[in-house]
There are 2 protein chains.
Amino acid sequence: MKQVLKKTHKFVIVAIDVVIFAIKDGILQVLLIKPKQPVFKKSWALPGGMVMPKESVDDAVKRHLFQKAGVSNVHLEQLYTFGSVNRDPFGRVVSVAHFALIPPDKRINLKTTEAYADIKWLRADNLPSLAYDHKEIIMTALERLRSKLAYTNIVYSLLPEQFTMSQMQQVYEVILDRKLDKRNFQKKIKVLNLIKKVGRQKRGEPNRPAELFTFISKKSQTVDVL
Amino acid sequence: MKQVLKKTHKFVIVAIDVVIFAIKDGILQVLLIKPKQPVFKKSWALPGGMVMPKESVDDAVKRHLFQKAGVSNVHLEQLYTFGSVNRDPFGRVVSVAHFALIPPDKRINLKTTEAYADIKWLRADNLPSLAYDHKEIIMTALERLRSKLAYTNIVYSLLPEQFTMSQMQQVYEVILDRKLDKRNFQKKIKVLNLIKKVGRQKRGEPNRPAELFTFISKKSQTVDVL
DNA sequence: ACAAAAGTGTTGGATTTACACCCATGA
DNA sequence: TCATGGGTGTAAATCCAACACTTTTGT
């Protein structure tokens with residue numbers, strides 16, 4: 001199919017790609033697949049695929065996300081549409097890039113069965129060689145993620161249901177790649193009224209147990225965090 | 001052609017739309033066309049059109065902008081991609097919406113000759129009934145414009161080559177729809193070092209002549225304006 | 001007892017807001 | 001001379017950044 005497209009070059013195909021982020025072990029990770037095409041044998045690529053005529057772009061993203069990562073009901077956001085003529089060697093494909101945020105305790109179900117050879121989490125700070133313009137897409141997603149951390153409450157999409165203040169601060173530190181002051185951070189978060197104590201503590205570590213918090217609401221809103 | 005698409009419903013067409021803003025007479029205006037299709041006889045619509053197989057999305061926007069408004073070399077920015085299934089009654093069309101900013105002294109050349117009956121500037125604060133999902137697109141563009149005024153220097157794209165401080169302040173007031181304090185505004189702008197006095201004044205009005213300024217650089221940059 | 005992370009306030013500096021009068025011009 | 005918008009500074013309030021010690025636990 002795609003080969004035909006290349007030859008005729010008569011249509012513009014609409015596809016989607018998703019940059020899926022999660023923080024695991026204090027490291028920002030991106031979910032990538034290993035394409036089977038020989039051209040990209042040495043590269044990794046973003047999960048994605050075509051938009052079908054009878055599904056919306058949003059639905060296409062959800063479908064591919066579920067088909068490839070077995071995940072649904074996560075923060076999902078349109079990023080940018082990449083539309084240069086030669087971005088895909090197999091045809092004229094315009095891709096509506098998105099990004100997704102997955103909390104670390106989310107059950108996911110990676111499926112290697114389909115058109116790609118492998119799928120796994122890779123560090124965002126040490127990316128392998130990437131197919132298509134996917135490097136650029138990931139960089140754009142990272143930028144967006146960084147800026148949205150500062151003026152929205154999306155951090156809730158990267159935290160488990162219950163979390164400590166340090167965990168929350170760590171999300172900021174990992175993504176922004178700088179240390180924050182503990183007292184100032186907690187002061188700012190407190191005044192925003194986004195989270196509340198659950199009344200239990202995280203025990204079992206060889207140090208003072210930390211209070212557990214949870215988000216009062218998980219609606220996206222713009223708030224001045226940093 | 002479009003009718004065929006509707007029946008077969010086999011392909012997704014990629015199009016672009018542009019929300020073209022300018023401030024004229026202290027009013028924020030949007031450039032709209034009057035479609036010829038009977039369905040939209042009573043509506044206005046955004047200028048736009050298909051992306052051809054051999055042109056990039058960016059090039060398609062520039063082409064349509066030139067074909068419809070006779071304008072080139074203006075601030076142009078991708079906004080959002082609208083991809084719901086039924087947004088266009090004539091077929092499955094995904095539209096990559098953009099916005100453009102045009103300075104008031106820019107020569108433009110509106111062309112009513114083509115597939116639409118009329119083209120003209122309409123007030124953004126009192127929009128007519130709009131075709132497709134173009135109301136939503138304009139609202140999204142307005143939001144984006146408002147937020148970018150605050151953290152970038154794009155205001156230069158809405159001002160003539162030489163301008164007074166009051167003119168600049170007016171751009172902010174019109175778009176943000178609130179009054180600003182003259183002294184505080186000038187203080188903030190001054191510290192950003194974006195503009196310089198040209199050394200002449202705007203005479204001819206029955207009041208004290210105003211200093212004229214110009215932008216030191218017309219590169220987009222993010223700066224904390226407000 | 002010790003190591004490790006949790007919790008918790010204050011101060012100085014920077015930034016932001018509010019606010020009013022005189023000036024230069026054209027009519 | 002009058003009406004109009006242009007140009008200009010200061011003081012109070014708020015916000016932000018820097019900074020260190022005590023607590024609680026597991027081993």
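To find a chain, count down the sequence lines: A is the first, B the second, and so on, and within it residues start at 1.
Remark: A:Lys148 is not positioned above the aromatic ring of A:Phe99, lacking an NZ or CZ atom under 6.0 angstrom from the ring centre and at most 45 degrees off the axis. Both tests do not hold together for B:Lys179 against B:Tyr172: distance to the six-membered ring centre under 6.0 Å, angle to the ring axis within 45°.
Between A:Leu31 and A:Leu46, every side-chain heavy-atom pair lies at or beyond the 4.5 Å cut-off.
By the 30° and 60° cut-offs, the orientation of the rings of A:Tyr156 relative to A:His75 is perpendicular.
If you measure from atom NZ of B:Lys202 to atom P of C:dC23, you get 23 Å, rounded to the nearest angstrom. Counting to the nearest Å, the P atom of D:dT24 and the CD atom of A:Gln201 are 10 Å from each other. Rounded to an integer number of Å, the gap from B:Glu211 CD to C:dC23 P is 17 Å.
Between the side chains of A:His134 and A:Glu136, not a single donor N or O lies within less than 3.5 Å of an accepting N or O. Donor-acceptor pairing under 3.5 Å is recorded for the side chains of A:Arg200 and A:Gln162. Between B:Thr81 and A:Thr81, the side chains place a donor N or O and an acceptor N or O closer than 3.5 Å (distance only, hydrogens not considered). Side-chain atoms of A:Thr112 and A:Asp118 include no donor-acceptor pair closer than 3.5 Å.
Looking at which nucleotide of DNA chain D each of B:Gln167 and A:Gly204 is closest to, the 5′-most match is held by B:Gln167.
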Report each atom pair, protein N/O against N/O of nucleotides 1-5 of chain C, whose distance is under 3.5 angstrom.
{"residue": "C:dA5", "atom": "O4'", "partner": "A:Asn207", "partner atom": "ND2", "Å": "2.8"}

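Heavy-atom distances under 4.0 Å link DNA chain D to A:Asp181, A:Arg183, A:Asn184, A:Lys187, A:Lys188 of residues 168-189 of chain A, given in residue order.
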